[in-house]
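All remarks here apply to the structure that follows.
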Number of protein chains: 2
Amino acid sequence: MDPKPLLDCFKKYISLTNEEELLLLSKVTYRKYLKSQYIVQQGDICKFTGFIISGCTKTFYMDDGGQEHIILFAIEDWWTSDLGSFIAQSPADFNVQCIENTELIQFSFDAIEELFIEIPKLERFFRKIVERAFVSTQKRIVRNFSLTAKEQYVQFKNMYPTIEQRVPQYMIASYLGITKEFLSKIKSQLLLE
Amino acid sequence: MDPKPLLDCFKKYISLTNEEELLLLSKVTYRKYLKSQYIVQQGDICKFTGFIISGCTKTFYMDDGGQEHIILFAIEDWWTSDLGSFIAQSPADFNVQCIENTELIQFSFDAIEELFIEIPKLERFFRKIVERAFVSTQKRIVRNFSLTAKEQYVQFKNMYPTIEQRVPQYMIASYLGITKEFLSKIKSQLLLE
DNA sequence: AGTAAATGTTAACCTACATTAACATAATTT
DNA sequence: AAATTATGTTAATGTAGGTTAACATTTACT
């Protein structure tokens, strides 16, 4: 395993000594998942928060009618988990499933609590990561309320061009909160413009 | 000013010594706003994050068509700001306006950065606060996608009965992402059931 | 108390998007 | 290569919620 992408991510917000880096890496686990495997399942306790080295995941909620609602895609250099379940060690609301073969570096709940004690500045790092996640989630609510489905799709393509290439259309429709049929219609409308 | 509610809030997540409490309180400012005053205005840099001692605020986005989209209400014991603007010290996407006369304890960006250095465990506190905010925002996206407007309104009433009493209906409609006319229809339907 | 402003209701009509269903095409598996 | 399985498209019809507009009620101001 090459921990460089992970350490680079930490470097964006805090600086770690060599010893701190080694301590940190001694407490994480590297893991590969295959396409379609679940990292977290709705109802289970989310035991890990993970940093993606390669691959792509979707975080989704299965409603009572059996419909999938994707709330997040994650690719290389992103963090993924069911944070609500992880922080409270309570049953997960969401599933996290691999859309591609995915390599992760995982932090268990206990490991991360130990690390917070041993390297307090990690609190700062994770505070900043969560702040950014919060802000982007809030912006998503705004887009949801103030844009039409077509506008949202265009913004999504511009914001996440790689993801738009990598994941099937019907998942993008689910992320946007519309049906695949309607997204198909939007796409054909955009071609005519 | 009585700082007890603020200190109690900190106590839920971390413990502070007497000196730490005094240091913290020496760096905050107490401020009163009148109903309808703005704490943050879209486009300005959000200079403070605030803890509400009394009163009620709404955080909203004004879209290009001049329509208000409320993304958050906040009452006593809650934190309020445009976090995206505050953390990046960049122009605010949102307005924060008082719905009632409101008393706040405000933390300036500089004060909070100093406090993080002087009392590192505050990083932990704010990490936890933001984690919770993130989780509740994510849950809101789920509700948005998987519930009808009527179901969302019923949940809102159950989750925030005080807020439902205190703010005008048309603001609740805006929070739910529907028109006041449609909320009115929903309410009359609920009366018949 | 009287007037203006803010808030809430009702009803007719409209639109963005959902549903259903049939079909087309691409990607995997055998 | 054939056969599944996953993904994408088109079109008819249905519905949740929007828009407009007129009116009712409450609250705030002079």
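In this text the structure is predicted, and so the values were computed from the model without any measurement. Each chain gets a letter, A, B and so on, in the order its sequence line appears, and its residues count up from 1.
Taking the six-membered ring for Trp and the full ring otherwise, the centers of B:F73 and B:Y160 sit at least 6.0 Å from each other.
Figure legend: B:K150 and B:Y153 shown without cation-pi pairing, the cationic atom not lying both under 6.0 angstrom from the six-membered ring centre and within 45 degrees of its axis. In this structure, B:R31 is not positioned above the aromatic face of B:F48 in the sense of NZ or CZ being under 6.0 Å from the six-membered ring centre and within 45° of the axis. Annotation: cation-pi geometry not satisfied between B:R127 and A:F125 (NZ/CZ under 6.0 angstrom from ring centroid, within 45° of ring axis). Taking the centre and axis of the six-membered ring of B:F182, the NZ or CZ atom of B:K185 falls outside the cone set by 45° and 6.0 Å.
Judged by distance alone, the side chains of A:E103 and A:S54 do bring a donor and an acceptor atom under 3.5 Å apart.
In this structure, A:L16 CG and A:F10 CZ are separated by 7.0 Å, a value rounded to the nearest 0.5 Å.
One interatomic measurement links the two molecules: CD of A:Q97 to C1' of D:dA6, which rounds to 14 Å at whole-angstrom precision. Atom NZ in A:K35 sits roughly 10 Å away from atom P in C:dA27 (whole-Å rounding). Spacing between atom CD of B:Q169 and atom P of C:dG8 amounts to 5 Å, rounded to whole angstrom units. Taking atom NZ of residue A:K58 and atom P of nucleotide D:dT7, one finds them 8 Å apart after rounding to whole Å. As a whole-Å value, the separation of A:Q189 CD from C:dT15 P is 15 Å. The distance between atom NE2 of A:H69 and atom C1' of C:dA18, rounded to the nearest whole Å, is 13 Å. For the pair A:I99 CD1 and C:dA27 C1', the interatomic distance rounds to 17 Å; values are reported in whole Å. As a whole-Å value, the separation of A:E68 CD from D:dA6 P is 13 Å.
The minimum heavy-atom distance between A:L83 and B:E131, with the atom names listed, is CD2-CG, 4.1 Å. Counting all heavy atoms, side chain and backbone alike, B:C56 lies closest to B:V167 at SG-CG1, 4.0 Å.
Exactly one residue among B:W79, B:F51, B:Y13, B:F86 makes a ring pair (Phe, Tyr, Trp, His ring centres under 6.0 Å) with B:F126. That residue is B:W79.
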For nucleotides 14-22 of chain D, 5' to 3', base contacts (B), sugar-phosphate-only contacts (S) and non-contacts (-) with protein non-hydrogen atoms under 4.0 Å give ---BSBBB-
If you apply the rule salt bridge (Lys or Arg N to Asp or Glu O under 4.0 Å), what do you find for A:K4 with A:E21, and how did you get there? CA-CA 11 Å; A:K4 186 164 184 304; A:E21 287 185 353; over 6 Å; no
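Across C:dT9, C:dT7, D:dT9, the shortest atom-to-atom separation from the side chain of B:S184 is found for C:dT9.
Taking every heavy atom of residues 153-160 of chain A and every atom of DNA chain D, no pair lies under 4.0 Å.
Helix bend of the helix from C:dA1-D:dT30 to C:dT30-D:dA1: the angle between its two end axes, each built from five pairs, comes to 50° after rounding to 10°.
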